[in-house]
Amino acid sequence: MKEIFEKLEAAVTDIFLFLMFSVYLFGVSPEGYENISETKYLLFCILCGGYCGIMLILLLQKTVLCRAEISGSRWKQISWRDRGERPRICFTLFLFLYLALTAVSGVVSEYGAATLTGEARREGVLTISIYGFVCFFVMKSYRGRHRNVLCVFAAASVLLFDVICLLQLLNRNPLGLYPGDFTYADRYREYGGAFLGTTGNADLTSAFLSLMIPFFAVIFLRSQKKRSPASVLYAAAACFSAVILVWSGVLAGIAGTAVSLIVFLPAAPGMNRKKSLGWYGAAMLLVALSLTSVYFFPSDDGAGSGEDGNAAVRQVEELQQALHGDLSDSAGSGRIHIYRQVWHLIEEKPFLGGGPDTLIFRETEAFRRYDSSRGKYIEAYIDTAHSEYLNIFVCQGLFALAAYLGALACGFFTAVRNRRRLWPAACEAAVFSYAVQACFGFSMYITAPYFWIFLGFLMTREEYGKRGNTEINGL
């Protein structure tokens, strides 16, 4: 009976994963970007919330109907004495501790019911709980029986996503996502922000691509059949996505992807110690040259947000400002100003925070800069810390942040132990890339579920061959 339930859980998980790389990724309403947040949140509740609900029901039924089998065999398989299981046990404890502390933060918050769904980004207790349970059930139930098919399907979906982004970058309007006659070229000038792909905000598109590029790059480089159609598809998805990411100019995603590739590509077959050291040396030289270029980057104090590519320029100016030792709030994209304002709020409530996604309610000074293209000052109010870790700190508190980092540490520790195997190596590269870009990005239900899915992949129990990297050979 227990095996029947486990097969059913695995089947539900497989269906959920295919839906996430199809319906959820491309799901938009006829109103396009004008209504994309509401559309995606509805899909999030239906798919991610529905998946968690179904899996909870199956888990309860299995617990009741198979109580004898579970008590007699399950705990013999999962034991602290098994060193291979210790990271998974610790990860599970940290994960649920993070969810519990998030809930406590919401309960004690002065903003009451607003913490349940969240205010500005809908990253409340309910949304974060769904993230955690998605990760847990993927970790628990994914068996990889259709792994090759899933990887090919995901690569094809990412390629289609890239095609949509490319057309938008060429000032086309596929799917009618932009309202009226607007295009990507009108970003920051005719409408606030930049929108790209079926994920909406360009920063979220960058976060999604920062997951997928290292994942497919590692799969391709470590595949034993590099000329197979599937391997070519993986390479195309990684390369095409990299082009879109660089073209979009979102430095957080570019930095995360670059650091991940620098760290993980030397582990590819054929890279001996000498070649790996050469790769790291070349990478460090490139980083040094890049920082030198940024140091001498010609700044324009009057730059406004309406000029083409200006968002990336402002972020470069911000980095240049830091390299010159000037950490004032006035220039750049406003992150230095945001970080300072957020830190003052952290000092007020350091341990449990102000409540999940309640930063918009708290008293902060708006960021103000002059937009030369519009000829006026622009004010931006702070609704997120623009750093996922800092955002957890200010909203959920130090204890929740420690639990979150503990879960990530367990995931990376597990992956390091299994790095010779293709699947853990690819998932680790993806999670590591996202974790780096998260230092400067923000979490939202549109792309965050993919991160939690990959984190669940990273912690799945290996139930296939013990040697080699033949789990994904290409079809």
Side-chain angles (χ1 to χ4, degrees), residues 87-88 90-91 94-95 98 131 134-135 138-139 142 151 154-155 158 203-222 234 237-239 241-242 245-246 250-269 271 276 279-280 283-284 286-287 387-392 401-443 447-460 462 469 471-472:
R88 296 179 77 246
C90 290
F91 175 82
F94 277 124
L95 176 63
Y98 169 65
Y131 292 161
V134 164
C135 178
V138 169
M139 175 191 74
Y142 185 64
C151 288
V158 170
D203 289 351
L204 297 177
T205 299
S206 165
F208 174 71
L209 293 179
S210 70
L211 268 172
M212 306 315 299
I213 294 170
F215 178 70
F216 289 123
V218 171
I219 289 179
F220 170 73
L221 290 172
R222 297 187 61 170
Y234 301 145
C239 293
S241 297
L245 180 60
V246 173
V250 180
L251 297 188
I254 295 173
T257 302
V259 171
S260 180
L261 294 178
I262 289 171
V263 171
F264 291 99
L265 285 190
M271 293 286 282
S276 296
W279 168 264
Y280 286 127
M284 293 303 103
L286 181 61
V287 170
S387 167
E388 291 193 25
Y389 309 106
L390 201 59
N391 202 71
I392 293 173
L401 176 62
Y404 179 81
L405 294 177
L408 281 183
C410 291
F412 289 133
F413 178 78
T414 302
V416 167
R417 295 183 60 182
N418 296 311
R419 186 173 291 180
R420 292 185 179 181
R421 309 195 61 184
L422 175 53
W423 182 251
C427 293
E428 182 185 23
V431 171
F432 185 81
S433 175
Y434 186 95
V436 172
Q437 74 83 34
C439 294
F440 314 101
F442 60 89
S443 172
T447 52
Y450 295 102
F451 164 72
W452 290 95
I453 286 171
F454 274 94
L455 189 58
F457 283 157
L458 197 60
M459 301 305 298
T460 52
E462 299 293 336
N469 60 341
E471 297 156 23
I472 305 175

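Worth knowing before you read on, the calculation uses all heavy atoms, side chains too, and leaves out hydrogens, waters and symmetry mates.
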Visitor: As a test of understanding, state which of Y98, F94, Y389 forms a side-chain contact (heavy atoms from CB on, under 4.5 Å) with L405.
Guide: Y389
Visitor: Are side-chain heavy atoms of L408 and L455 found at a separation under 4.5 Å?
Guide: yes
Visitor: Give me the atom names and distance for the closest heavy-atom approach of G456 to V138.
Guide: C-CG1, 4.0 Å
Visitor: Is any side-chain heavy atom of N391 less than 4.5 Å from a side-chain heavy atom of F442?
Guide: no
Visitor: Out of curiosity, C90 SG to M459 CE, how far, rounded to the nearest 0.5 Å?
Guide: 9.0 Å
Visitor: Just jot down the ring-ring contact (aromatic ring centres under 6.0 Å, His included) partners of F454, sequence neighbours excluded, or say none.
Guide: F215, F457
Visitor: Is the closest side-chain heavy-atom distance between R222 and F264 below 4.5 Å?
Guide: no
Visitor: Determine the minimum heavy-atom distance between S206 and A252, stating which atoms define it.
Guide: OG-C, 4.5 Å
Visitor: Once rounded to the nearest 0.5 Å, what's the spacing between atom CD of Q437 and atom CZ of F451?
Guide: 9.5 Å
Visitor: Hey, could you give me each pair passing salt bridge (Lys or Arg N to Asp or Glu O under 4.0 Å) that has a residue in residues 425-441? Not counting sequence neighbours.
Guide: R419-E428
Visitor: Distance check, rounded to the nearest 0.5 Å: R88 atom CZ versus T460 atom OG1?
Guide: 7.5 Å
Visitor: Which heavy-atom pair separates S260 from S433 by the least distance, and what is that distance?
Guide: CB-CB, 3.5 Å
Visitor: Does atom OH of Y450 have more than 12 heavy-atom neighbours, drawn from other residues, nucleotides or ligands, at distances under 6.0 Å?
Guide: yes
Visitor: State, yes or no, whether a side-chain contact exists between S443 and Y131 at a heavy-atom distance under 4.5 Å.
Guide: yes
Visitor: Locate the shortest heavy-atom distance separating V134 from I453; write the atom from each residue and the value.
Guide: CG1-CG1, 3.9 Å
Visitor: Roughly how far, to the nearest 0.5 Å, is CG of L211 from CZ of F216?
Guide: 10.5 Å
Visitor: Are V158 and S241 side-chain neighbours, meaning at least one heavy-atom pair lies under 4.5 Å?
Guide: yes
Visitor: What residues, two or more places apart in sequence or in another chain, satisfy ring-ring contact (aromatic ring centres under 6.0 Å, His included) together with F412?
Guide: F432
Visitor: When you measure from the side chain of S387 to the backbone of C439, do you find a donor-acceptor pair of N or O atoms at a distance under 3.5 Å?
Guide: yes
Visitor: For V218 versus A425, what's the shortest heavy-atom pair and its separation?
Guide: CG1-C, 4.1 Å
Visitor: Which atoms form the tightest heavy-atom contact between L209 and L245, and what is the distance?
Guide: CD1-N, 4.1 Å
